[in-house]
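Only one structure is covered here, and it is reproduced in the block below.
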Amino acid sequence: MADNIYDAIVIGSGISGGWAAKELSEKGLKTLMLERGKNIEHIKDYPSADKEAWNFPHRGERTQQMLKDYPVLQRDYPLNETNLDWWASDKDSPYTEVKRFDWFRGYHVGGRSLMWGRQSYRWSDMYFEENARDGIAIDWPVRYRDIEPWYDYVEKFAGVSGSSEGLPQLPDGHFLPAMQMNCVEKEVVARMKAFYKGKRPMIIGRVAHVTGPHPDRQQCQFRDKCWVGCPFGGYFSTQSSTLPAAMKTGNLTLRPWAIVTKILYDKDSKRATGVEVLDAQTNKTYEYRAKLIFLNASALNSAWILMNSATDIWPDGLGSSSGELGHNVMDHHLGVSASGTFEGFEDKFVFGRRANGVYVPRFRNFFGDKRDYLRGFGYQGGAGREGWDREIPEYSIGAEYKEALTEPGPWTMGIGGFGETLPYHDNKVTLDKTRKDKWGLNVLSFDCELKENELKMRKDMLNDAKEMLEAAGVKNIHGQDSNPYLGRGIHEMGTARMGKDPKTSVLNKWNQVWDAPNVFVTDGSFMTSAACQNPSLTYMAFTARAADYAVSELKKRNL
């Protein structure tokens with residue numbers, strides 16, 4: 001656009017940013033999407049998509065140099081040889097930990113939509129009403145009826161595979177054919193249903209994979225290599241889905257290597273006027289102007305941009321008038337699991353690599369159950385047969401060892417918990433003005449932790465997991481509770497929560513910043529509570545809803 005002027009600017013290109021770009025472009029707005037990292041083109045830039053372990057110099061594993069260069073990323077599974085350059089550099093983009101927080105980021109076009117777990121679940125009013133019912137934080141300004149049509153809308157486009165179950169805590173949606181459970185999972189489900197009388201259902205995961213006819217994408221090939229990019233477009237990502245739709249309109253301009261350092265604000269009009277951008281390659285500064293701004297840099301980076309947009313009117317940042325900006329950080333706490341062996345079915349084996357597992361929806365503090373903590377947890381997991389890389393206690397070397405590995409090992413079954421974290425005001429991020437990143441910008445400081453409520457919950461997460469497996473006939477059960485730190489769920493939420501009152505929230509019910517109504521924040525920042533299921537589908541629904549409202553208000557000249 002001439003003179004760097006657009007109708008709308010979208011900051012960030014991940015799951016919610018991609019949706020914002022698609023919706024705004026399709027509604028006729030000349031839209032600029034800014035991404036702080038490099039471009040990744042669909043198919044062309046998936047160099048590992050057709051490689052197996054033996055095609056990598058170190059079999060796809062981590063090296064000593066990688067451990068040295070990525071002290072944070074090594075804390076969990078993301079550090080490996082297959083897609084290392086899709087994760088942000090710990091050296092270039094450091095952060096300060098007052099308390100440990102495992103921050104795993106992807107700075108490139110598509111963001112974590114290329115590496116996400118793809119589990120896609122709706123919320124019911126059992127979650128939207130819970131803050132008010134428990135007297136925790138503030139009430140959500142919306143209910144399920146407000147979001148239901150937008151869940152419908154985004155599911156149809158994204159392509160969500162799943163089964164309709166009629167569960168009050170987990171509304172059904174518009175599903176493509178469900179992926180199938182294997183024989184052991186089906187047996188576990190049947191035994192759990194009989195033992196718990198249907199009160200702890202185990203279902204196939206609801207996952208953003210195409211398993212039936214779709215107008216623009218091929219079906220999932222059951223390769224289970226999603227984290228290195230899918231050349232078939234089998235799973236939902238910005239590259240396979242929203243970006244092509246936005247580009248098709250001719251209204252979208254994509255600019256990678258563009259670090260948004262602040263949102264520009266005019267105190268007379270009380271509106272944002274555009275953004276300031278630092279070119280990540282040349283270190284030159286640019287300004288882009290627009291009537292409408294969608295902030296989708298991810299919950300923590302969006303908070304950083306808002307805080308870094310301080311003015312004499314808002315010295316703590318744009319959207320800080322309530323005192324809640326950067327506070328109420330949430331994530332799902334992980335690290336609690338149980339697994340064991342399952343006897344029988346030795347004549348059965350799995351076919352393909354299903355990119356999905358089973359799901360146990362929350363059952364604690366629902367349906368008359370009352371615990372000594374608030375909220376609850378769900379489980380994800382599955383069954384499979386051990387392969388050639390298993391350990392065999394009886395053998396460690398030799399012909400008998402090699403012979404044993406020609407046959408599949410025993411069946412195993414395991415589940416891991418996803419626990420809800422409450423929105424505590426003192427779980428926060430702030431600007432550390434004493435430390436800089438590669439580009440000379442202040443970094444975030446994290447002061448977040450699990451508290452007594454979550455630690456109590458983890459005891460049930462462990463005990464219930466072991467109990468359910470035992471009830472299902474699993475043997476040699478081993479449980480673990482490790483690394484009780486936030487960030488590991490990679491579901492950051494809450495830094496700019498929505499609410500009914502500008503005195504207690506950063507955003508209104510339409511995801512508008514109270515202090516600048518032409519700025520919309522629709523990534524995980526807006527979440528007022530966390531529930532326990534994967535949140536990305538909810539980000540999609542709220543983004544589409546906010547974009548529809550924003551364009552309507554723009555046409556009415558209210559923005």
Side-chain angles (χ1 to χ4, degrees), residues 117 119-134 136-137 140 143-144 147 151 162-173 188-189 192-193 195-207 330-338 356-382 414-423 450 453-469 471-472 479 481 484 486 488-489 491 493-494 527-538:
Q119 295 288 307
S120 302
Y121 302 100
R122 294 188 180 202
W123 282 34
S124 74
D125 275 336
M126 297 175 74
Y127 294 102
F128 284 117
E129 295 173 352
E130 221 162 10
N131 273 7
R133 186 166 61 247
D134 294 336
I136 292 295
W140 277 87
R143 292 294 185 263
Y144 180 66
I147 311 304
Y151 276 134
S163 58
S164 295
E165 303 288 343
L167 302 174
Q169 73 272 44
L170 202 70
D172 293 327
V188 168
V189 167
M192 282 182 56
K193 184 176 182 180
F195 187 86
Y196 292 108
K197 311 300 181 185
K199 292 182 179 179
R200 297 189 189 181
M202 177 180 284
I203 66 174
I204 190 66
R206 295 172 178 176
V207 65
M330 298 173 286
D331 182 32
H332 293 136
H333 55 100
L334 311 184
V336 179
S337 63
N356 194 9
V358 297
Y359 185 64
V360 179
R362 176 179 155 190
F363 52 85
R364 288 301 184 198
N365 287 316
F366 278 162
F367 316 116
D369 176 74
K370 182 63 178 175
R371 316 303 293 176
D372 63 347
Y373 54 84
L374 298 175
R375 312 300 165 88
F377 47 87
Y379 294 101
Q380 296 177 30
I415 52 176
F418 283 66
E420 178 171 354
T421 302
L422 293 178
L450 298 182
N453 191 76
E454 291 75 43
L455 296 177
K456 287 182 178 179
M457 183 188 299
R458 291 173 76 85
K459 295 178 182 178
D460 264 6
M461 289 169 69
L462 179 60
N463 293 334
D464 288 354
K466 293 192 290 186
E467 177 193 292
M468 287 188 290
L469 294 184
D481 180 350
L486 291 173
R488 295 186 67 206
H491 297 160
M493 295 172 269
M527 301 287 276
T528 311
S529 62
C532 64
Q533 59 267 59
N534 304 57
S536 295
L537 184 71
T538 298

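- Under a 3.5 Å cut-off, the side chain of Glu454 and the backbone N or O of Leu422 do form a donor-acceptor pair.
- The two atoms that bring Gly416 and Ser337 nearest to each other are CA-CB, 3.9 Å, heavy atoms only.
- When all heavy atoms of Leu334 and Gly489 are compared, the pair lying nearest together is CD1-CA, 3.6 Å.
- For the atom pair CG (Asp481) and NE2 (His333), the distance works out to 9.5 Å, reported to the nearest 0.5 Å.
- Not counting sequence neighbours, the partners of Lys370 by the side-chain contact (heavy atoms from CB on, under 4.5 Å) test are Asn365, Leu374.
- Side-chain contact between Pro423 and Ile136 is present, with at least one heavy-atom pair separated by less than 4.5 Å.
- Using a 30° and 60° split on the angle between ring planes, Tyr127 and Trp123 fall in the tilted class, from 30° to 60°.
- Nearest approach of Tyr121 to Gly205, heavy atoms of both residues: OH-CA, 3.4 Å.
- In this structure Trp140 satisfies the side chain to side chain donor-acceptor pair (under 3.5 Å) test together with Ser529, sequence neighbours excluded.
- Residues passing the side chain to side chain donor-acceptor pair (under 3.5 Å) test with Asp464, sequence neighbours excluded: Arg364.
- Here the side chain of His332 pairs no donor or acceptor atom with the backbone of Phe377 at under 3.5 angstrom.
- A centroid separation of 6.0 Å or more is found between the aromatic rings of Phe363 and Tyr196.
- Every side-chain contact (heavy atoms from CB on, under 4.5 Å) that Asp331 has, sequence neighbours left out, goes to Leu486, His491.
- Take Asn463 and apply the side chain to side chain donor-acceptor pair (under 3.5 Å) test, not counting sequence neighbours, and it matches no residue.
- Proximity of a side-chain donor or acceptor of Tyr379 to a complementary backbone N or O of Val358 within less than 3.5 Å is not detected.
- Across Phe367 and Arg362, no two heavy atoms sit closer than the pair CE1-O, 4.5 Å.
- Considering CD of Gln533 and OG1 of Thr538, their distance stands at 7.0 Å, rounded to 0.5 Å.
- For Asp125 (side chain) and Arg143 (main-chain N/O), no donor-acceptor pair under 3.5 Å exists by modelled atom type.
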For side-chain contact (heavy atoms from CB on, under 4.5 Å), just list the numbers for Arg458 and Tyr373, CA-CA rounded to whole Å, side-chain angles, deciding distance to a tenth of an Å, and then say yes or no. CA-CA 10 Å; Arg458 291 173 76 85; Tyr373 54 84; over 6 Å; no
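- Residues Gly162 and Arg206 approach most closely at CA-CG, 4.1 Å, considering heavy atoms.
- For Arg375, the side chain to side chain donor-acceptor pair (under 3.5 Å) partners at least two apart in sequence or on another chain are Asn131, Asp134, Glu420.
- Interatomic distance, NZ of Lys466 versus CD1 of Ile415, reported as 12.0 Å (0.5 Å rounding).
- Gln380 CD to Gln119 CD: the interatomic distance, rounded to the nearest 0.5 Å, is 4.5 Å.
- Atom CD1 of residue Ile204 and atom CD of residue Glu165 lie 10.0 Å apart, to the nearest 0.5 angstrom.
- Side chain of Asp172 to backbone of Gly166: a donor-acceptor contact under 3.5 angstrom is found.
- Closest non-hydrogen pair, Leu167 versus Pro201, comes out as CD2-CG, 4.0 Å.
- In this structure, Met192 CE and Leu469 CG are separated by 8.0 Å, a value rounded to the nearest 0.5 Å.
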